[in-house]
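Notes to accompany the following structure.
In what follows, every chain begins at residue 1, and chains take the letters A, B, ... in the order their sequences are listed. Hydrogens, waters and symmetry mates play no part in the numbers below; they use all other heavy atoms, side chains included. Because the structure is a prediction, the values reported are computed rather than measured.
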2 protein chains.
Amino acid sequence: MKQANDRDTADYMAAAGCFCLASRQAARKITRLYDSYMQEAGVRITQFTILSQLMLRGDMPIGKLATILGMERTTLTRNLGPLEQQKWISVKAGEDPRARMIGITAQGRGVVRRSFPFWSKAQAHIGKLLGADGQAALKLLESRNLG
Amino acid sequence: MKQANDRDTADYMAAAGCFCLASRQAARKITRLYDSYMQEAGVRITQFTILSQLMLRGDMPIGKLATILGMERTTLTRNLGPLEQQKWISVKAGEDPRARMIGITAQGRGVVRRSFPFWSKAQAHIGKLLGADGQAALKLLESRNLG
DNA sequence: CCAGGATGCGTGTAGATACACGTATCTCAT
DNA sequence: ATGAGATACGTGTATCTACACGCATCCTGG
């Protein structure tokens with residue numbers, strides 16, 4: 001105990017139960033697992049997620065997509081860069097000239113189609129690791145409004 | 001339904017229940033909330049987490065710390081950069097000259113001490129948002145071995 | 001019509017994340 | 001002793017994340 005002299009170390013023990021550490025740790029591990037599966041498909045899970053959301057929900061402005069993904073708008077803007085470069089998404093002005101409507105291209109759909117089986121394997125793998133209660137826990141977190 | 005023609009769209013609906021999206025979404029939102037509280041303390045939650053772990057567990061090599069944090073070793077190496085620059089941690093070779101022992105400095109302890117109240121507020125805030133079941137869900141995920 | 005607040009975005013800056021690859025050191029069986 | 005495999009790391013590259021700030025456009029009360 002090198003920090004035995006630290007009078008209030010006991011207080012800091014609380015930090016061991018940090019919700020932030022728990023959530024990020026889980027997210028990192030889960031992301032690595034998905035990415036390891038997606039790698040063969042040549043697409044990252046972040047990108048796959050964006051593309052599949054566009055595929056499922058149709059075109060939408062950046063802000064709305066960011067909300068759906070629980071991501072900062074400016075973060076999403078950066079993430080769209082590589083996707084646009086690959087021509088997997090299209091960007092055009094909406095009725096409101098301020099809005100930038102994002103849509104998935106035919107090529108983007110192809111990417112989703114081809115990479116879906118890999119995503120599916122990753123999903124199955126992590127589902128097994130999580131177990132029924134772990135999956136339920138994640139769904140609960142998803143349903144919570146965390147701001 | 002702009003993608004009504006897409007024959008297998010139904011299959012892709014599964015992507016809506018992606019465990020990866022759920023975990024990352026939660027982690028992003030939670031991280032933003034913690035960081036907004038920590039900002040006043042001049043330290044990021046990522047950094048606070050690293051420092052407090054060192055404070056609680058004492059010096060250790062990079063690899064071990066990375067495992068504890070559920071982080072890639074190389075990621076941790078990058079994250080240690082700013083901390084070392086601020087002199088919040090010390091780096092020295094261990095008995096095994098390959099290993100780099102990381103330790104928290106007196107200044108680093110001061111940072112943890114001063115920023116702890118802000119962390120505590122964030123923890124309380126998110127605890128309320130999560131609710132008892134949400135907290136339990138997060139603890140369950142933390143206990144799961146996800147690789 | 002027309003300020004003034006609200007809304008939708010991009011960029012500068014800075015840090016967080018991780019894979020592929022390469023280096024140095026250790027360990028152990030021969 | 002020594003060579004092969006294991007271990008502990010750093011770096012190059014690329015992406016992900018988000019705050020502060022600023023710009024353009026929309027909308028609404030006067």
Side-chain angles (χ1 to χ4, degrees), chain A residues 20-21 23-40 42-51 60-67 69-86 88 91-102 147, chain B residues 20-21 23-40 42-51 60-67 69-86 88 91-102 147:
Chain A
C20 192
L21 173 57
S23 67
R24 299 184 74 180
Q25 201 165 4
R28 286 191 211 107
K29 290 177 178 177
I30 292 175
T31 299
R32 284 200 294 269
L33 191 137
Y34 276 85
D35 268 333
S36 73
Y37 277 93
M38 303 302 287
Q39 191 171 22
E40 197 175 343
V43 64
R44 302 210 174 197
I45 186 60
T46 312
Q47 306 176 331
F48 177 84
T49 302
I50 294 173
L51 293 176
M60 68 183 89
I62 283 191
K64 185 177 178 185
L65 184 54
T67 300
L69 298 171
M71 193 181 285
E72 257 297 307
R73 178 187 52 79
T74 59
T75 299
L76 179 57
T77 295
R78 305 299 163 106
N79 289 355
L80 293 181
L83 297 182
E84 197 180 358
Q85 215 153 21
Q86 297 275 350
W88 292 343
V91 181
K92 38 191 171 181
E95 293 186 26
D96 184 335
R98 291 172 303 179
R100 296 213 312 158
M101 295 297 292
I102 313 298
Chain B
C20 190
L21 173 57
S23 68
R24 298 185 75 180
Q25 200 165 0
R28 285 191 211 109
K29 290 177 178 177
I30 292 175
T31 299
R32 285 200 293 268
L33 191 138
Y34 275 85
D35 268 334
S36 73
Y37 277 93
M38 302 303 286
Q39 190 172 22
E40 198 175 342
V43 64
R44 303 210 172 194
I45 186 61
T46 312
Q47 306 176 331
F48 177 84
T49 301
I50 293 173
L51 292 176
M60 69 183 88
I62 282 192
K64 185 177 177 184
L65 184 53
T67 299
L69 297 171
M71 193 182 286
E72 257 297 306
R73 177 186 53 80
T74 59
T75 299
L76 179 57
T77 295
R78 304 300 163 104
N79 290 355
L80 292 181
L83 298 181
E84 194 178 4
Q85 214 154 20
Q86 297 275 349
W88 291 343
V91 181
K92 39 191 171 183
E95 292 186 25
D96 184 334
R98 291 173 304 178
R100 296 213 313 158
M101 295 296 291
I102 313 298

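The separation between A/K64 atom NZ and C/dC9 atom C1' is 17 Å, rounded to whole Å. Atom pair A/E84:CD and C/dC9:C1' shows a separation of 14 Å (rounding to whole Å applied). Atom CG of A/L80 and atom C1' of D/dT15 are 13 Å apart (whole Å). In this entry the distance linking CZ of B/R32 with P of D/dA20 reads 13 Å, nearest Å. To the nearest angstrom, P of D/dC19 lies 7 Å from CG of B/D35. Atom CE in A/M71 sits about 15 Å away from atom P in C/dC9, given to the nearest Å.
Checking C/dA16, D/dC19, C/dA18 against the side-chain heavy atoms of B/N79 singles out C/dA16 as nearest. Of the listed nucleotides (C/dT17, D/dC9, D/dA24), D/dC9 has the atom at the smallest distance from the side chain of B/A99. Out of C/dG10, C/dT17, C/dT25, the shortest distance to the side chain of B/P97 is found at C/dT25. Side-chain atoms of B/R73 lie closest to D/dC9 of the nucleotides D/dC16, D/dA18, D/dC9. Among the nucleotides C/dG10, D/dT7, C/dA16, the one closest to the side chain of A/I62 is C/dG10. Here the nucleotide nearest the side chain of B/P61, chosen from C/dC19, D/dC26, D/dC9, is D/dC9. Listed nucleotides: D/dT17, D/dA20, C/dA18. Nearest to the side chain of A/T46: D/dT17. Relative to the side chain of A/D96, the nucleotides D/dA8, D/dT25, D/dA18 differ in distance, and D/dT25 lies closest. Comparing C/dT11, C/dA18, D/dC16 against the side chain of A/Q47 picks out D/dC16 as the nearest.
Partner of B/L21 under the side-chain contact (heavy atoms from CB on, under 4.5 Å) criterion, out of A/I30, A/L69, A/I45: A/L69 alone. With A/I62 as the partner, the side-chain contact (heavy atoms from CB on, under 4.5 Å) test is satisfied by one option alone out of A/L76, A/T74, A/V91: A/L76.
Closest-nucleotide positions on DNA chain D for B/Q39 and A/P82 were compared, and the one nearer the 5' end corresponds to A/P82.
Scanning both residues, B/V43 and B/M38, for their nearest heavy atoms gives O-CB, 3.1 Å. The two residues B/R32 and A/E72 come nearest to each other via the heavy atoms NH1-N, 3.6 Å. Looking at every heavy atom in both residues, A/T67 comes nearest to B/Q25 through O-NE2, 4.3 Å. Closest approach of B/R73 to B/A66, counting heavy atoms only: CA-CB, 3.7 Å.
The base of C/dT13 is paired with the side chain of A/R78 by a donor and an acceptor separated by under 3.5 Å. Judged by distance alone, with hydrogens and angles left aside, A/S36 brings no side-chain donor or acceptor close enough to the base of C/dC19 to form a pair under 3.5 Å. Judged by atom type and distance alone, A/R28 does not reach the base of C/dT17 through any side-chain donor-acceptor pair under 3.5 Å. If you check distances only, the side chain of B/T74 never reaches the base of D/dC9 with a donor-acceptor pair under 3.5 Å. Side-chain atoms of A/R44 stay outside donor-acceptor range of the base of D/dT15, with no qualifying N/O pair under 3.5 Å.
The phosphate of C/dT17 has neither OP1 nor OP2 within less than 4.0 Å of any side-chain N or O from B/R24. Dashed line: the shortest gap from a side-chain N or O of B/T77 to OP1 or OP2 of D/dG10 is under 4.0 Å. Phosphate contact (OP1/OP2 of C/dT7, side-chain N/O of A/R98, threshold under 4.0 Å): absent. In this structure, B/T75 reaches the C/dA18 phosphate: one of its side-chain N or O atoms is under 4.0 Å from OP1 or OP2.
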